[in-house]
Visitor: 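Just passing along the structure, written as structure tokens.
All values derive from a computational prediction rather than experimental measurement. Letters A, B, ... are given to chains in the order of the sequence lines, protein chains preceding strands, and every chain is numbered from 1.
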2 protein chains.
Amino acid sequence: MYEVRWLTPDQLRAWIRFEAVVELLPTVLDSQLQRDSALTHFEYVVLAKLSESPDQVLRMTALAATTNSTLPRLSHVVSRLESRGFVERMPCPGDRRATNAHLTDEGRAKVVAAAPGHVNTVREHVIDLLSDEQVEQLDGIMATLLQRLDPTNTLRILP
Amino acid sequence: MYEVRWLTPDQLRAWIRFEAVVELLPTVLDSQLQRDSALTHFEYVVLAKLSESPDQVLRMTALAATTNSTLPRLSHVVSRLESRGFVERMPCPGDRRATNAHLTDEGRAKVVAAAPGHVNTVREHVIDLLSDEQVEQLDGIMATLLQRLDPTNTLRILP
DNA sequence: CCGCCAAGGTTGTCGCGACAAGAGACGTAC
DNA sequence: GTACGTCTCTTGTCGCGACAACCTTGGCGG
């Protein structure tokens with residue numbers, strides 16, 4: 001039985017709405033990609049991050065970090081993507097413990113084909129609904145939250 | 001091959017951060033509740049919504065709406081909660097198709113015990129990190145997004 | 001009444017995410 | 001050179017969420 005600081009009405013309202021968006025948004029992203037490209041949102045992110053990196057290669061650990069994922073989760077997903085021919089695993093030359101994930105040409109084609117529809121969904125459901133000022137506010141708020149959520153601050157390295 | 005309006009650098013940065021938070025936040029909420037109260041975040045929300053309603057009763061459909069869920073998902077969760085003694089199903093007097101979910105005393109005790117820890121987590125990871133102004137901004141942004149995400153606008157009925 | 005469709009819930013199946021356990025490889029201390 | 005701890009990744013198991021199929025009841029037109 002310790003002291004609890006409950007939320008004020010304003011805080012509560014903001015939280016309930018935020019909570020709702022956090023609950024609903026992933027479903028929207030997933031179903032669009034699933035429907036149009038037979039990809040999970042997470043699978044898409046993996047392919048996208050690989051396509052943005054030099055030589056289309058990233059170490060599993062680095063890939064896990066940029067996708068806000070854990071290694072076990074990533075490993076499973078890469079296995080699936082590998083069996084579909086979008087990614088191939090290659091031993092890392094310098095470190096025999098490490099594995100490199102490499103985007104195949106087929107995988108690259110896949111993500112290139114999926115990107116427009118995904119960007120469109122992001123616009124329709126988020127960006128285009130907000131003013132430039134609100135986008136800036138959103139960025140500031142999320143940057144603050146990430147300092148708590150992302151211990152390694154991987155995401156502070158941004159373009 | 002149609003026209004694509006890519007995101008501007010500012011928009012992209014905001015989106016990547018928002019995406020990261022949407023990915024990471026649910027895990028934090030789930031693991032705290034799981035660790036301290038052996039509850040899923042969604043289970044907690046179900047119990048909480050019931051505890052806030054008159055007579056601790058809500059129809060399944062209404063409960064699904066206020067928890068941003070689908071009926072199948074809710075039905076499964078209520079079954080689990082029922083087997084643990086936190087909720088009981090009762091036929092709705094007025095409509096023999098409908099089912100009422102009723103929070104038991106045990107369930108009420110459970111949610112009351114879990115609430116402080118949960119509120120604390122929400123404060124630590126979200127509310128207390130933001131200024132009052134940012135909380136207001138967050139509320140405005142999320143309200144806008146919900147108009148798209150929540151077709152029935154169930155959540156616009158707020159305290 | 002009676003045939004039809006919509007509304008309200010439940011159940012079954014499948015796939016993904018979380019977690020724990022394990023197998024190699026690297027570094028380092030002695 | 002060898003023993004220990006750490007890093008890197010994989011694998012197996014379990015539980016939840018999405019989706020589809022199904023069943024019952026209610027409303028409504030003829």
Visitor: Checking B:His118 now: which residues fulfil ring-ring contact (aromatic ring centres under 6.0 Å, His included) with it, not counting sequence neighbours?
Guide: B:His41, B:Tyr44
Visitor: Could you write nucleotides 1-8 of chain C as a row of B, S and -, 5' to 3', where a protein heavy atom under 4.0 Å of any base atom gives B, of only sugar-phosphate atoms gives S, and otherwise -?
Guide: ------BS
Visitor: Residues in side-chain hydrogen bond (donor to acceptor under 3.5 Å, both in side chains) with A:Gln34, at least two apart?
Guide: none
Visitor: Just by modelled atom types, is the B:Ala64 backbone N or O under 3.5 Å from a matching donor or acceptor in the B:Lys49 side chain?
Guide: no
Visitor: Starting from C1' on C:dG9, measure out to CG on B:Leu74 and report it in whole angstrom.
Guide: 10 Å
Visitor: B:Arg89 has an atom CZ; how far is it from atom P of C:dG9, in whole Å?
Guide: 10 Å
Visitor: Please list all pairs passing the salt bridge (Lys or Arg N to Asp or Glu O under 4.0 Å) test where one or both residues lie in residues 56-72 of chain B, with sequence neighbours left out.
Guide: none
Visitor: Ignoring backbone atoms, test whether A:Arg96 places a side-chain nitrogen or oxygen under 4.0 Å from the OP1 or OP2 oxygen of C:dG24.
Guide: no
Visitor: When you check every protein heavy atom under 4.0 Å of nucleotides 16-23 of chain D, what one-letter string (B, S, -) results, 5' to 3'?
Guide: SSBBB---
Visitor: Output all residues satisfying side-chain contact (heavy atoms from CB on, under 4.5 Å) with A:Thr8, sequence neighbours left out; order by chain, then residue number.
Guide: A:Asp10, A:Gln11
Visitor: A:Met90 has an atom CE; how far is it from atom C1' of D:dT8, in whole Å?
Guide: 18 Å
Visitor: What residues, two or more places apart in sequence or in another chain, satisfy ring-ring contact (aromatic ring centres under 6.0 Å, His included) together with B:Phe42?
Guide: none
Visitor: Which residue pairs pass the salt bridge (Lys or Arg N to Asp or Glu O under 4.0 Å) test with at least one member in residues 20-36 of chain B, sequence neighbours excluded?
Guide: A:Arg73-B:Glu23
Visitor: Go through the structure and list residues passing side-chain hydrogen bond (donor to acceptor under 3.5 Å, both in side chains) with B:Ser79, not counting sequence neighbours.
Guide: B:Arg89
